[in-house]
Amino acid sequence: QVQLVESGGGLVQAGGSLRLSCAASGRTFSSQAMGWFRQAPGKEREFVAAISWSGGTTYYADSVKGRFTISRDNAKNTVYLQMNSLKPEDTAVYSCAARRPRYTSSVLSDYDYWGQGTQVTVSS
């Protein structure tokens with residue numbers, strides 16, 4: 001069993017930055033791919049970014065490419081999402097997720113474990 005706890009959300013003005021963290025329990029973190037997803041009010045949850053077990057491969061949604069960076073520290077069992085040049089449309093609850101296979105995926109149903117999420121609000 002893997003437990004995921006997100007932190008780092010908050011209120012920021014458009015153009016600002018935030019860094020989200022996702023701390024994972026368990027000894028299997030370093031062999032799992034990780035992803036970030038978000039859900040805005042009234043919308044379906046959508047893929048944001050993913051990273052392979054080693055960190056060697058990353059994948060982004062077109063809407064965040066060039067602004068967001070996903071990374072991981074396997075020694076700390078933590079995955080990060082650095083968000084720059086934030087826009088009001090980035091406002092959502094951001095959740096991290098883990099999948100037992102080692103390689104990235106943008107598909108929600110490919111992920112086995114989910115965190116509770118952290119709110120990110122970007123004001124205009």
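Positions are given from 1 along the sequence.
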S.K.: Main chain of W53, side chain of N74: is a donor-acceptor contact present, judged purely on distance under 3.5 Å?
M.R.: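 Side chain of N74 to backbone of W53: a pair is present.
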
S.K.: Yes or no on side-chain contact (heavy atoms from CB on, under 4.5 Å) for T91 and R38, after CA distance, side-chain angles and deciding distance?
M.R.: CA-CA 9 Å; T91 294; R38 67 186 182 186; over 6 Å; no

S.K.: Shortest non-hydrogen contact from S85 to S17?
M.R.: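 The answer is N-OG, 4.3 Å.
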
S.K.: Distance from W36 atom CH2 to T118 atom OG1, nearest 0.5 Å?
M.R.: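 So the gap between those two atoms works out to 7.5 Å.
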
S.K.: For the backbone of S52 and the side chain of T57, can you confirm whether one donor and one acceptor N or O come within less than 3.5 Å of each other?
M.R.: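 Absent.
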
S.K.: If two hydrophobic side chains count as joined below 4.5 Å and joins carry through other members, does V120 share a cluster with V64?
M.R.: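 Yes, same cluster.
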
S.K.: Does any non-hydrogen side-chain atom of V2 lie less than 4.5 Å from one of Q32?
M.R.: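 Yes, side chains in contact.
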
S.K.: Crowded around Q39 CD? As in, over 12 foreign heavy atoms under 6.0 Å?
M.R.: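 Counting other residues, nucleotides and ligands, CD of Q39 exceeds 12 neighbours.
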
S.K.: Within the side chain of N77, is there an N or O that forms a donor-acceptor pair under 3.5 Å with the backbone of F29?
M.R.: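 Answer holds: no.
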
S.K.: Please evaluate residues K87 and D90 with respect to the criterion salt bridge (Lys or Arg N to Asp or Glu O under 4.0 Å), reporting the C-alpha separation (whole Å), side-chain torsions for both, the decisive distance (0.1 Å), and the verdict.
M.R.: CA-CA 5 Å; K87 304 175 181 180; D90 294 319; over 6 Å; no

S.K.: Is the NZ or CZ atom of R67 positioned over Y60's six-membered ring, under 6.0 angstrom from the centre and within 45° of the axis?
M.R.: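 Judged by the rule (NZ or CZ under 6.0 Å from the ring centre, within 45° of its axis), R67 is not positioned above Y60.
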
S.K.: First locate atom CD of Q82, then atom CD1 of I70, and finally report the distance between them rounded to the nearest 0.5 Å.
M.R.: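 Nearest 0.5 Å value for the CD-CD1 distance: 12.0 Å.
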
S.K.: Report the distance from atom CG of L81 to atom OH of Y94, rounding to the nearest 0.5 Å.
M.R.: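 Result: 7.5 Å between the selected atoms.
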
S.K.: Does a sphere of radius 6.0 Å around CD in Q116 hold more than 12 heavy atoms from other residues, nucleotides or ligands, not counting ones at 6.0 Å or beyond?
M.R.: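 No.
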
S.K.: Taking the side chain as C-beta and beyond, is there a heavy-atom pair between R45 and W114 under 4.5 Å?
M.R.: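 They are in side-chain contact.
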
S.K.: Walk me through whether Y111 and R99 qualify under side chain to side chain donor-acceptor pair (under 3.5 Å).
M.R.: CA-CA 4 Å; Y111 287 81; R99 63 190 301 256; 5.2 Å; no

S.K.: For a quick test of reading the model, state the closest non-hydrogen atom pair linking G55 to T58 and the distance between them.
M.R.: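 Nearest heavy atoms, G55 then T58: O-CG2, 4.4 Å.
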
S.K.: Work out which heavy atom in L108 is nearest to a heavy atom in F37; give both atom names and the distance.
M.R.: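 Result for this residue pair: CD1-CE2, 3.3 Å.
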
S.K.: Are L4 and M34 packed together at the side-chain level, in the sense that at least one heavy-atom pair is separated by less than 4.5 angstrom?
M.R.: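 Counting from C-beta outward, L4 and M34 do come under 4.5 Å.
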
S.K.: Does some side-chain heavy atom of F68 sit less than 4.5 Å from a side-chain heavy atom of L86?
M.R.: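 Yes, at least one pair of side-chain atoms sits under 4.5 Å.
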
S.K.: Using every non-hydrogen atom in the two residues, find where V107 and S105 come nearest and quote the distance to one decimal.
M.R.: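 Closest approach of V107 to S105: N-OG, 3.1 Å.
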
S.K.: Would V122 end up clustered with V48 when hydrophobic side chains under 4.5 Å apart are linked, directly or stepwise?
M.R.: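 Both belong to a single hydrophobic cluster.
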
S.K.: Do S21 and K76 come within less than 4.5 Å of each other through their side chains, counting heavy atoms only?
M.R.: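 No. Closest side-chain heavy atoms not under 4.5 Å.
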
S.K.: Starting at OH of Y113, measure out to CZ of R100 and round the result to the nearest 0.5 Å.
M.R.: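 One finds 4.5 Å between OH of Y113 and CZ of R100.
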
S.K.: At what distance, to the nearest 0.5 angstrom, does CD of E89 lie from OG of S124?
M.R.: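 Between E89 CD and S124 OG, I get 10.0 Å after rounding to 0.5 Å.
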
S.K.: So, taking the atom named OG1 in T78 and the one named OH in Y80, what distance separates them when rounded to the nearest 0.5 Å?
M.R.: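 With rounding to 0.5 Å, OG1 (T78) is 4.5 Å from OH (Y80).
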
S.K.: Has the side chain of E6 got a donor or acceptor atom that lies under 3.5 Å from a matching backbone atom of G117?
M.R.: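 Yes: the side chain of E6 pairs with the backbone of G117.
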
S.K.: Check whether more than 12 heavy atoms from other residues, nucleotides or ligands sit under 6.0 Å from atom CZ of R102, and answer yes or no.
M.R.: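 Yes, enclosed.
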
